[in-house]
Amino acid sequence: MIQRSFLCSRTGAAAAAMFALCASAQAAVVDVTVTVQNLAPVNGISFAPLHVGFNNGSFDAFNLGGVATAPIISVAEGGAGGAWQAAFAAADPTATRGTIGGLLQPGASSNLTFRVDTALNPFFTFGAMVVPSNDFFIGNDSPTEYRLFDAAGNLNVATIGIKARDIWDAGSEVFDPAAAAFVGNNGLRSDQNSVVAFNFAEFAGFNGLATGAGYTFNSALTADSDVYRISFGVSAVPEPGSYALMAAGLMAVGFMARRRRVGTQPTDTTAR
Ligand SMILES: [Ca+2]
Ligand SMILES: [Ca+2]
């Protein structure tokens, strides 16, 4: 009787510990699939690859009304984003960063899955060049605008919808169809020396030009036009460590149960 209750409490404590460990691991780390969609009208704007970072909310790439600096210019002029990624890594070394897809034409979508620590990196920051343009981009001004995960690790934001009026002009390169990415010669660009502002009207200035993707551009945008959507899907991560711990716990429970069963048998007739 004493031995039985001892076994039960030990088994109960071990199980509780295992569940606590597994639960915390699942709450903190998840796989997040990010899907991006170009919702612009046919033959309208396309998007360069989307640069993203799951982060602690400390990296601020630009400000409305402020002079664009190298990180956001690397996104807005050409879309490569090298300086943006480097500055992000320097500001927030434990952020989970990446780049999704290639050139995203109207109607197209792409996705990529990231393993994210939701406690360490609850915020989401993004940036992509919009083409054709000299220096237009999409992105979040406030680094804490999109808190994807709450303290318990639950997904708070299912989608981020972007309209034409949300598109930024970096103010770093003069509007010039001859020098614009996707329709012109990038080598001809010249400095604008202005500030970051909202701007989608200039896209109409590219109407009728042949794009690098082969279609003839026609903006067809109004302020309310949906142009881009970012969607988030979360799935649990199987934790090898937790499984090993659980297996070890189950083996221990099985061993103790077997020992108890053997110990309660009056005689062992097969031993000899
Ligand atoms: Ca800002
Ligand atoms: Ca500009």
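Note that ligands are numbered from 1 as they come in the structure, with each ligand's atoms numbered from 1 the same way. Since we're looking at a predicted model, the values are computed, not measured.
Under 3.5 Å, the side chains of N140 and T125 contain a donor-acceptor pair of N or O atoms.
Each of T222, D226, L221 was compared with K163 under the side-chain contact (heavy atoms from CB on, under 4.5 Å) criterion, and only D226 meets it. The side-chain contact (heavy atoms from CB on, under 4.5 Å) test with N56 singles out one residue from D92, L120, T144, and that residue is D92.
The N, O or S atom of D60 with the smallest distance to the Ca ion (ligand 1) is OD1. Closest N/O/S atom of D169 to the Ca ion (ligand 2): OD1.
Residue contact annotation: N63 places an N/O/S atom under 3.0 Å from the Ca ion (ligand 1). At a cut-off of 3.0 Å, E202 does not coordinate the Ca ion (ligand 2) through any N, O or S atom. Residue contact annotation: S194 places no N/O/S atom under 3.0 Å from the Ca ion (ligand 2). Inclusion of P143 in the first shell of the Ca ion (ligand 1) is not supported: no N, O or S atom falls under 3.0 Å.
The aromatic ring centres of F136 and F203 sit less than 6.0 Å apart.
The shortest side-chain heavy-atom distance between D224 and R165 falls under the 4.5 Å cut-off.
When rounded to 10 degrees, the angle formed at the Ca ion (ligand 2) by O (E173) and OE1 (Q192) equals 70°.
Using a distance-only test at 3.5 Å, with no hydrogens or angles considered, no donor-acceptor pair links the side chain of D176 to the main chain of N134.
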